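If you're wondering where the values come from, they're calculated on a predicted model, not measured in any experiment.
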Amino acid sequence: MRNSVPLLCLWSFYCCFAAEGPALPGPEGRLQDEPHKPSDVPAAATPPVRFNLRTSEDPEHEGCYLSLGHNQLLEDCGFNATAKTFFIIHGWTMSGMFENWLYKLVSALQTREKGANVVVVDWLPLAHQLYVDAVNNTRKVGHSVARMLDWLQGKEDFSLGNVHLIGYSLGAHVAGYAGNFVKGMVGRITAITEVMKCEHERAVHLFVDSLVNQDKPSFAFQCTDSNRFKKGICLSCRKNRCNSIGYNAKRTRNKRNSKMYLKTRAGMPFKVYHYQMKIHVFSYKNMGEIEPTFYVTLYGTNADSQILPLEIVEQIGLNATNTFLVYTEEDLGDLLKIKLTWEGTSQSWFSLWKELRSYLSQPRSSERELNIRRIRVKSGETQRKLTFCVEDPENTRIAPGQELWFRKCRDGWRMKNETSPTVEHP
């Protein structure tokens, strides 16, 4: 975990599960229903949209180009009308060339869905322009994709229900338009959109990961904002609030755009295991502002975690329940015990300053000591809730440089007749 670069990713699910061909927000431009032009027409007059049937995983291989109205090409290219058909639609490009992610996605689809038709929608001349112009072209490209699908529907054994449109960046807009313009209902549309919380192309690599690591699906959780997610509040799967992402996503009928969050590993497989931790921190003394640096180690039936930091999104609340999000790269199995550690004096200047500020803000007569009796844990992946009680009920105290051990004492969180811990004053 220490050597990885974990990311908090915001995954847009607006189109991921909308198989009905959603109306994506996009530019309003006049759509001209132009007839199919021969490929030798100058690109300046009619920028081409080409359909490249990928027959090899080799990026250097040209593939085979389908052409609207040319039935013989379908046979010559080896198009299988009864198989699944994937249309991969790229987005805006600065180089005018296909990006590496596209070939990885083609290869992953060919490996996962053997015998399927994988078609790359090549609209590079229309995408390699000023971004605003490329945006304005997405509607026209979507119409071209719809016309190709309408033509294929006239072929025996071809079913629009076997079609999956996969759009990346502006290609997501193209997919949305195609879903609206086509005569019928496309089997599935995935819109892979980039957002600020994910590094460039991370979203498309998550999709590739869902293809090649189908036994390790990553889960995302619906949440209103990143701070709530970082506190572990949003690990609920009720009412479709969670879903596996990418190719393994379950179809839902959400009427509104939902923000979905997840943590990831640095590389494939990206799957991690999310846990919400609820810790009631209380003090017997009147303490001032305090900023403890807590770590936990989780011990399970399959493995033990590394030392995991408890990220403090807001200041620790004394005599209150605090929530945290932790995640592990390993499947720990059933959790058995937890070690909570309060970091002692660190060598970093920032940590030393925090220690000094915390010390100066406290009344001189107080001791830097907190009390914790139990830790409640919820697994995002299994939705299981567990309660861990301190090993020694007579010793619930923890101070800088010390640790407390907790063992599983209950399945679930709170009993109906249980009351909150009472703060006692000596």
(request) Mind listing the closest non-hydrogen atom pair of Cys237 and Gly380 along with its distance? (result) SG-O, 4.1 Å

(request) Could you check if a side-chain atom of Asp209 sits within less than 4.5 angstrom of a side-chain atom of Ser218, using non-hydrogen atoms only? (result) yes

(message) Consider salt bridge (Lys or Arg N to Asp or Glu O under 4.0 Å). Of Arg384, Lys378, Lys385, which one does Asp411 pass it with?
(response) Arg384

(request) Can you measure from OH (Tyr131) to CH2 (Trp92) and round to the nearest 0.5 angstrom? (result) 8.0 Å

(request) Would you mind reporting whether Ser236 and Phe221 have side-chain heavy atoms less than 4.5 Å apart? (result) no

(request) Hey, could you give me the OG/CD1 distance between Ser169 and Ile89, rounded to the nearest 0.5 Å? (result) 12.0 Å

(request) Specify the closest pair of heavy atoms between Gly78 and Leu53, including all atoms of both residues, with the distance to one decimal. (result) C-CD2, 4.4 Å

(request) Give the C-alpha distance, both sets of side-chain angles, the deciding distance and a yes or no for side chain to side chain donor-acceptor pair (under 3.5 Å) between His274 and Glu381. (result) CA-CA 7 Å; His274 303 78; Glu381 278 61 37; 3.0 Å; yes

(request) State, yes or no, whether a side-chain contact exists between Ile88 and Leu109 at a heavy-atom distance under 4.5 Å. (result) yes

(request) Show your reasoning for whether side-chain contact (heavy atoms from CB on, under 4.5 Å) applies to Phe219 and Ile245. (result) CA-CA 6 Å; Phe219 277 83; Ile245 64 173; over 6 Å; no

(message) Determine whether a donor-acceptor pair (N or O, by modelled atom type, separation under 3.5 Å) exists between the side chain of Asn162 and the backbone of Thr85.
(response) no

(message) Out of the candidates Glu113, Arg188, His164, only one should pair with Tyr247 under the side chain to side chain donor-acceptor pair (under 3.5 Å) rule; please name it.
(response) Glu113

(request) Side-chain contact test, heavy atoms from C-beta onward, threshold under 4.5 Å: evaluate it for Val174 versus Trp123 and give yes or no. (result) yes

(request) Using the six-membered ring wherever Trp is involved, compare the ring planes of Tyr177 and Phe181 and label them parallel, tilted or perpendicular (cut-offs 30° and 60°). (result) parallel

(request) Using modelled atom types only, decide if a donor and an acceptor are shared between the side chain of Asn248 and the backbone of Ser210 within a distance under 3.5 Å. (result) yes

(message) Could you check whether any side-chain heavy atom of Leu262 comes within less than 4.5 Å of a side-chain heavy atom of Thr264, counting everything from C-beta outward?
(response) yes

(request) Taking the side chain as every heavy atom from C-beta outward, state whether Leu370 and Pro292 have any atom pair closer than 4.5 Å. (result) yes

(message) Assess, by modelled atom type and distance only, whether the side chains of Asn371 and Thr396 contain a donor and an acceptor separated by less than 3.5 Å.
(response) yes

(request) Test Arg54 against every option in Val106, Val119, Asn117 by the side-chain contact (heavy atoms from CB on, under 4.5 Å) rule and name the one that passes. (result) Val106

(message) Can you see whether Phe388 has Lys408 sitting over its ring - NZ or CZ less than 6.0 Å from the centre and within 45° of the normal?
(response) no

(request) Ignoring hydrogens and angles, tell me if any N or O in the side chain of Trp413 forms a donor-acceptor pair with the backbone of Val377 under 3.5 Å. (result) yes

(message) Quick one: does any side-chain atom of Asp334 pair with a main-chain N or O of Gly300 as donor and acceptor, under 3.5 Å?
(response) no

(message) If you define the side chain from C-beta out and look only at heavy atoms, does anything of Tyr299 sit under 4.5 Å from Lys339?
(response) yes

(message) Tell me the closest heavy-atom pair linking Gln402 and Arg397, and the distance in Å.
(response) OE1-O, 4.2 Å

(request) List the atom of Ala191, the atom of Ala172, and the distance in Å for their closest heavy-atom pair. (result) CB-CB, 3.5 Å

(message) Looking at every non-hydrogen atom in both residues, tell me the closest pair between Val121 and His90 and how far apart they are.
(response) O-CD2, 3.2 Å

(request) Please check if the side chain of Asp150 supplies one atom and the backbone of Val182 the other of a donor-acceptor pair under 3.5 Å. (result) no

(message) Side chains of Asn302 and Glu330, heavy atoms from C-beta outward: is any pair under 4.5 Å?
(response) no

(message) Keeping Asn322 on the side-chain end and Phe324 on the backbone end, is there a donor-acceptor pair under 3.5 Å?
(response) no

(request) With side-chain contact (heavy atoms from CB on, under 4.5 Å) as the test, would you mind laying out the steps for Leu160 and Val163 before giving the verdict? (result) CA-CA 5 Å; Leu160 197 60; Val163 173; 4.2 Å; yes

(request) Please step through side chain to side chain donor-acceptor pair (under 3.5 Å) for the pair Trp405 and Glu403, ending with a clear verdict. (result) CA-CA 7 Å; Trp405 285 85; Glu403 61 187 36; 3.1 Å; yes

(message) Determine whether His128 and Thr93 satisfy the following criterion, side chain to side chain donor-acceptor pair (under 3.5 Å), listing intermediate values before the conclusion.
(response) CA-CA 5 Å; His128 182 44; Thr93 173; 5.1 Å; no

(request) Verify whether one side chain among Asn52 and Arg50 offers a donor that lies under 3.5 Å from an acceptor in the other. (result) no

(message) Strictly distance-based, threshold 3.5 Å: is any side-chain N or O of Arg139 a donor or acceptor partner for the main-chain N or O of His143?
(response) no

(request) Output the distance between atom CE (Met148) and atom CG (Leu152), rounded to the nearest 0.5 Å. (result) 6.0 Å

(request) With side-chain contact (heavy atoms from CB on, under 4.5 Å) as the test, would you mind laying out the steps for Arg410 and Leu386 before giving the verdict? (result) CA-CA 6 Å; Arg410 180 186 306 152; Leu386 300 170; over 6 Å; no

(request) Give a yes or no on whether the backbone of Pro125 and the side-chain of Gln129 come within a donor-acceptor separation of less than 3.5 Å. (result) yes

(request) Find the distance between CG (Leu335) and CD1 (Ile375) and round it off to the nearest 0.5 Å. (result) 11.0 Å

(request) Spell out, as yes or no, whether a donor-acceptor pair under 3.5 Å connects the side chain of Ser144 to the backbone of Lys140. (result) yes

(message) Check whether Ser107 reaches the backbone of Tyr103 with its side chain - one donor and one acceptor, N or O, closer than 3.5 Å.
(response) no

(request) Enter the distance from Ile233:CD1 to Leu325:CG here, rounded to the nearest 0.5 Å. (result) 10.5 Å

(request) Over all heavy atoms of both residues, which pair between Phe229 and Cys234 is shortest? Give the atoms and the distance, please. (result) N-SG, 4.2 Å

(message) Let me confirm one number: the CD1-CD1 distance from Ile372 to Ile279, rounded to the nearest 0.5 Å.
(response) 5.5 Å

(request) Measure the acute angle between the ring planes of Trp342 and Phe294, then classify it against the limits of 30° and 60° as parallel, tilted or perpendicular. (result) perpendicular

(message) Set out, in order, the CA-CA distance, both residues' side-chain angles and the distance that settles side-chain contact (heavy atoms from CB on, under 4.5 Å) for Arg374 and Val390, then state yes or no.
(response) CA-CA 6 Å; Arg374 63 178 64 89; Val390 67; over 6 Å; no

(request) Run the numbers on Lys259 and Asp225 for salt bridge (charged side-chain N to carboxylate O under 4.0 Å, His left out), then give the verdict. (result) CA-CA 8 Å; Lys259 294 180 180 179; Asp225 59 71; over 6 Å; no

(request) Verify the neighbour count for atom NZ of Lys216: are there more than 12 heavy atoms of other residues, nucleotides or ligands below 6.0 Å? (result) no

(request) Please lay out, stage by stage, how Lys271 and Glu329 fare under the test salt bridge (charged side-chain N to carboxylate O under 4.0 Å, His left out). (result) CA-CA 7 Å; Lys271 179 183 179 67; Glu329 296 184 2; over 6 Å; no

